[in-house]
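Positions are given from 1 along the sequence. Below, all heavy atoms of this structure are taken into account, side chains as well, without hydrogens, waters or symmetry copies.
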Amino acid sequence: MDLSKFEVYKFSTGVSTMTISKSGISFSQTAVIRLEMATHVRLLINQVDKEIAIQQASSEDKQAMRFYRARKNAVTARWNYKDLIATLSDLMGWNTDEHTYKVTGEFNASEKLILFKLGNAEMIS
């Protein structure tokens, strides 16, 4: 049997999510796995449609930022960039000092990115 058109499916429980709070931005285990545990990603912001995307990138890419760092017992990624939190809060009119917001992402395998539509965020606290 010719398996050349098949790819191994990477299992992960849950969905790709991003959580935004005053203390940082976290990405779920599934998000990290879908991006193949990339050490670097490019962050893309669409201010008109209020969306962000994280796209797998090379560490040599000057526009890339650190994403996943291997740790014991944790396959997640976290950013503590206060400016980014403020930018997203201003864009969406969120109060991240008092609330946390969670957004489910849409994985695009061909572009190696996850798209987060910020307008679909849920307030979780």
Side-chain angles (χ1 to χ4, degrees):
M1 178 174 184
D2 179 14
L3 299 176
S4 63
K5 296 178 184 174
F6 289 82
E7 296 177 6
V8 173
Y9 181 80
K10 295 173 181 82
F11 286 94
S12 179
T13 59
V15 293
S16 298
T17 60
M18 173 180 66
T19 306
I20 304 105
S21 69
K22 69 179 175 183
S23 63
I25 299 172
S26 298
F27 297 91
S28 67
Q29 175 177 329
T30 299
V32 174
I33 289 171
R34 291 285 178 254
L35 293 177
E36 301 174 346
M37 297 181 169
T39 59
H40 291 79
V41 296
R42 287 191 306 143
L43 175 66
L44 309 163
I45 299 177
N46 174 348
Q47 293 194 16
V48 174
D49 296 324
K50 298 183 178 179
E51 301 171 330
I52 69 167
I54 53 172
Q55 184 176 39
Q56 187 177 354
S58 161
S59 61
E60 288 83 36
D61 185 335
K62 293 189 186 317
Q63 296 177 331
M65 55 195 303
R66 191 86 164 122
F67 186 61
Y68 173 69
R69 295 175 198 229
R71 298 179 200 103
K72 288 184 181 180
N73 305 325
V75 180
T76 60
R78 183 166 176 80
W79 292 332
N80 296 315
Y81 300 110
K82 298 294 183 190
D83 182 60
L84 178 57
I85 295 165
T87 297
L88 297 179
S89 295
D90 290 345
L91 178 65
M92 298 306 298
W94 289 343
N95 181 352
T96 52
D97 287 333
E98 295 182 19
H99 303 288
T100 298
Y101 302 86
K102 187 173 189 175
V103 187
T104 299
E106 300 169 13
F107 177 61
N108 181 316
S110 63
E111 297 291 331
K112 295 187 177 183
L113 68 75
I114 301 173
L115 175 70
F116 297 95
K117 295 180 180 183
L118 300 175
N120 295 339
E122 296 177 34
M123 188 172 19
I124 59 173
S125 67

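Contact of the R66 side chain with the T39 side chain is registered, since non-hydrogen atoms from C-beta on lie closer than 4.5 Å. Side-chain atoms of M92 and I20, non-hydrogen and from C-beta on, never get closer than 4.5 Å to each other. The closest side-chain heavy-atom distance from T96 to L88 is not below 4.5 Å.
Atom-to-atom distance recorded for M18:CE and I52:CD1 is 3.5 Å, nearest 0.5 angstrom. The CG atom of L118 lies 8.5 Å from the CD1 atom of I45; values are rounded to the nearest 0.5 Å. From N120, atom CG reaches atom NZ of K50 across 12.5 Å, with rounding to the nearest 0.5 Å. Here CZ of R34 is found 10.5 Å from CD of E36. Values are rounded to the nearest 0.5 Å. Put simply, OG1 on T104 and CD on E122 are 6.5 Å apart, with the number rounded to the nearest 0.5 Å. Note: Q55 CD to N108 CG = 8.5 Å, rounded to the nearest 0.5 Å.
Nearest heavy-atom pair across A121 and V103 is CB-CG2, 3.4 Å. The two atoms that bring S28 and S16 nearest to each other are OG-CA, 3.5 Å, heavy atoms only. When all heavy atoms of M65 and L43 are compared, the pair lying nearest together is SD-CB, 3.8 Å. Across every non-hydrogen atom of N80 and G24, the tightest pair is OD1-CA, 3.8 Å. Of all the heavy atoms in T17 and F116, the pair that sits closest is C-CE2, 3.8 Å. For the residue pair T100 and S21, the shortest heavy atom distance occurs at OG1-CB, 3.5 Å.
Connection of L91 to L44 is not established within any shared hydrophobic cluster, with ILVMFWY side chains joined at heavy-atom distances below 4.5 Å, either directly or through further cluster members. By the rule that hydrophobic residues join a cluster once side-chain heavy atoms approach within less than 4.5 Å of another member, I25 and F107 end up as members of one cluster. By the rule that hydrophobic residues join a cluster once side-chain heavy atoms approach within less than 4.5 Å of another member, Y81 and V32 end up as members of one cluster. Residue I33 is not grouped with residue L113 when hydrophobic side chains (ILVMFWY) are merged at heavy-atom distances under 4.5 angstrom, including chains of intermediate members. No single ILVMFWY cluster, assembled from side-chain heavy atoms under 4.5 Å apart, contains both L35 and L115.
For the ring pair (Phe, Tyr, Trp, His ring centres under 6.0 Å) condition, the pairs that include at least one residue of residues 38-69, sequence neighbours left out, are F27-F67. Applying the salt bridge (Lys or Arg N to Asp or Glu O under 4.0 Å) test to pairs two or more places apart or on separate chains, those with a residue in residues 52-63 are R42-D61. Sorted pairs that involve residues 76-103 and meet salt bridge (Lys or Arg N to Asp or Glu O under 4.0 Å), not counting sequence neighbours, are lacking altogether.
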